[in-house]
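Since this is a predicted model, take the numbers as computed values, not measurements.
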Amino acid sequence: MDLPAYTPDDAPVPEGEVVVERACTAQDLGPRLNRTAADVVRFLMQQGEMVTATQSLSDDMIELFVADLGVEIRMVDPGEEQEVELLKLLDVVDDLDDDDAPVRPPIVTVMGHVDHGKTTLLDQIRNANVVDDEAGGITQHIGAYQAERNGRLLTFIDTPGHEAFTAMRARGASSTDIVILVVAADDGVMPQTVEALDHARAADVPIIVAVNKIDRENADSQKVLGQLAEHDLVPESWGGDTITVEVSAIQNLGIGDLLDNLNVLAELEDLRADPEGRSQGVVLESFLDVGRGPVATVLVQRGTLKVGDPLVAGAAWGRVRALVDDHGNQVKEAGPSVPVQVLGLSDVADAGEGFVVAPNEKIAGRVADKRGHWRRQSNIGRDAHALSGGARLEDIFEQIQKGEAATLNLIVKADVNGSLEAVTESLRKLEREDVKLAFVHRAVGRITENDIQLAATSNATIIGFNVRPERKAREMADTENVEVRSYEIIYKLIEDIESAMLGLLAPEFEEIVTGDAEVREIFSVPRVGKIAGCYVTNGTITRGSKVRFLREGVIIWKGEVSSLRRFKDDVREVQSGFECGIGLSDYQDLKNGDVIETFEEREISSD
């Protein structure tokens, strides 16, 4: 039956700006604009969009309808308007400025271009080497640490330098007092240096420039100063007001001078915060830990956070079960400018969320539940229309060649929330007119059978960052013909997806898992170290094989099987169903239940 032509009612449309929630239905949208749900459905069907009155509408559909009416709208996420009431319920204090409060340590964010030495600089400051374990030279997760100089504490936030982590870096700048901009003396100002500078300026905080790698033969600090001046950072030595310090993180040169300048700047800034009352702050990072549950690294900005406090961070909440400081020690409380890990939350909190201690547990749970509800509503509508008819990675170019607008359906799993956010934002930037991305599901943790089932149902490709599928999930993926791609370096992930969208994805090698072994007992052998007593659950474990060490599906180490024994005999391989002792090259942090996964790369035949 033909629908009657769309004819706007004579009823006047609302004047001024109308607030409209994303993912609303025709039933919600119509009355806000003095129209019926039938008017909305009828108009959209005329435009070729088949919707029902109770179906979530995409942003484009809403904008199409309001443009026809000539109404001015402000689009908000579901629950955004209600958030004001929730903050009143929590009794949140917006103004963190405490003129009469005690002095607090400065929060210092280290920024700069990838490979310019930010993490090495922090290593020298806190005397801990974490660089060696970083895949592809990237700091994958934000860390927060405290250091002392001349009896004064300083809090440091490390932000990743790769452009993919822009959102994380922006978050770092928004919760900081001073920025150290690291520029390599042999490389100069680079695109990410400028980007970091923009974030620092947006946060309106003072900047100290650390000219690093001055020990290099081709170091040219004067050239760097000139480049900085071109970006309106005129050094003090040139008559400007930007403090610049020459350092070598590797040689430990100039570090003391840098810290002294930080102390002087902090004194000039006169940083204060009230340590009394209910605590507020920001979540820097969060992840799911085996045995401990959801863990959030938070930075306290006001008040004192204590064990037992009812805490709300976005849609996560819980009574604080334990607080762990940057040295791994449990503490009973944390005051302003102190970073701590929080245990006891109901869920993995979103990195970048503000946290607040609620008046009581009842209010904490109520606020978190309401936020969770609105966010689920938002997610339902965000990709609702993109998902229909979406393609997998391997099929995407075929659709493009046919001249069709293609949608790539993705399920993204990552080891921590910061990585998940960075991967998602990087992928969103790859969208073009002819290729859209739809995120069917995004979460922290290993790739499970549920993920495979969802991918099979929604015709999606699974992207894993620093996580691997369980054995049963791997088998199900083969059976259901679900494409699973795992990455440890974000450059490669972006490159592969972009290549696929351009029709250039043609890997020369494929990775084959050759065996799985579960750690069931750990033995200490003098002059050798720890040996994993394992049961081979799948395939064959071979001495010398490349290996991943997995804990709850998260990759925590890569190397080789250095030794393999059956009872007291050295053997070349052990097959499924047998026990063995496995020694790993350069890795000793073994725990019962861990999985050793061996693999090899095989060349793909061109015919």
Side-chain angles (χ1 to χ4, degrees), residues 96-111 118-130 139 142-159 171-182 200 203 205-208 210 243 245 247 249 252 254-277 279-285 296-307 309 320 322-342 355 357:
L96 296 178
D97 190 19
D98 301 291
D99 293 337
D100 301 324
V103 173
R104 63 171 175 81
I107 300 164
V108 182
T109 299
V110 184
M111 294 181 171
K118 303 178 309 304
T119 307
T120 311
L121 178 64
L122 275 171
D123 291 340
Q124 287 290 4
I125 293 170
R126 69 179 188 269
N127 295 320
N129 187 358
V130 298
T139 306
I142 283 185
Y145 318 90
Q146 283 200 308
E148 190 175 332
R149 178 70 175 175
N150 297 333
R152 295 181 180 178
L153 283 173
L154 302 104
T155 300
F156 291 89
I157 299 176
D158 182 19
T159 60
R171 179 168 63 251
S174 67
S175 56
T176 198
D177 303 310
I178 302 170
V179 164
I180 297 176
L181 185 65
V182 180
V205 293
I207 300 165
I208 290 182
I243 299 171
V245 184
V247 301
N252 199 16
I255 306 298
D257 190 18
L258 179 64
L259 295 177
D260 288 339
N261 275 287
L262 286 172
N263 274 336
V264 170
L265 253 185
E267 197 169 337
L268 290 172
E269 290 292 302
D270 191 30
L271 304 166
R272 298 174 182 274
D274 188 356
E276 301 298 323
S279 182
Q280 290 176 222
V282 64
V283 177
L284 294 177
E285 186 54 278
T297 301
V298 305
L299 182 66
V300 178
Q301 294 175 317
R302 183 191 179 98
T304 299
L305 182 61
K306 301 174 183 177
V307 173
D309 281 345
V320 177
L323 296 172
V324 182
D325 69 12
D326 55 322
H327 299 292
N329 302 317
Q330 287 205 20
V331 293
K332 291 184 177 179
E333 59 183 38
S337 298
V338 177
V340 282
Q341 283 190 332
V342 175
F355 81 79
V357 170

| query | Can you tell me how far CG of L299 sits from CG of L284, rounded to the nearest 0.5 angstrom? | reply | 5.5 Å
| Hey, mind stepping through L258 and L121 against side chain to side chain contact (heavy atoms under 4.5 Å, CB included) and telling me if it holds? | CA-CA 10 Å; L258 179 64; L121 178 64; 4.1 Å; yes
| request: Decide yes or no for I208 and L265: does some side-chain heavy atom of the first lie under 4.5 Å from some side-chain heavy atom of the second? | output: yes
| note | For P106 and L153, the nearest pair of non-hydrogen atoms, with its separation, is CD-O, 3.5 Å
| task | Find the distance between CZ (R272) and CG (D274) and round it off to the nearest 0.5 Å. | result | 12.0 Å
| Pairs involving residues 256-269, ordered by first then second residue, that meet salt bridge (Lys or Arg N to Asp or Glu O under 4.0 Å) (sequence neighbours left out) | R149-D260, R152-E267
| Trace of the side chain to side chain contact (heavy atoms under 4.5 Å, CB included) decision for V298 with L305 | CA-CA 10 Å; V298 305; L305 182 61; 4.1 Å; yes
| task | Report the residues that fulfil side chain to side chain contact (heavy atoms under 4.5 Å, CB included) with V324, sequence neighbours left out, ordered by chain and then residue number. | result | R292, Q330, Q341, L343
| request: Carefully, step by step, assess F355 and V300 under the rule side chain to side chain contact (heavy atoms under 4.5 Å, CB included). | output: CA-CA 9 Å; F355 81 79; V300 178; 4.2 Å; yes
| remark: CG of N263 to CG of L268, rounded to nearest 0.5 Å, is 11.0 Å
| note | dist T120:OG1 -> I125:CD1 (nearest 0.5 Å) comes out at 11.0 Å
| Under the 3.5 angstrom rule, does the side chain of D177 hit a backbone N or O of I107 as a donor-acceptor pair? | yes
| query | Shortest non-hydrogen contact from V179 to A200? | reply | CG2-CB, 3.8 Å
| said: To the nearest 0.5 Å, what is the distance between CD on Q124 and CD1 on I255? | reply: 6.0 Å
| field | 4.5 Å side-chain heavy-atom contact, V342 and L323 | value | yes
| Partners meeting side-chain hydrogen bond (donor to acceptor under 3.5 Å, both in side chains) with T155 (sequence neighbours left out) | Q146
| What's the shortest heavy-atom distance between P105 and P336, and which atoms? | CD-O, 3.9 Å
| request: Would you confirm whether T304, through its side chain, and P275, through its main-chain N or O, come within 3.5 Å as a donor-acceptor pair? | output: yes
| field | Trace of the side chain to side chain contact (heavy atoms under 4.5 Å, CB included) decision for I180 with T109 | value | CA-CA 6 Å; I180 297 176; T109 299; over 6 Å; no
| said: If I take atom CG from residue D325 and atom OH from residue Y145, how far apart are they, to the nearest 0.5 angstrom? | reply: 13.0 Å
| message | So, applying side chain to side chain contact (heavy atoms under 4.5 Å, CB included) with V108, which one of L262, L122, V205 is it? | response | L262
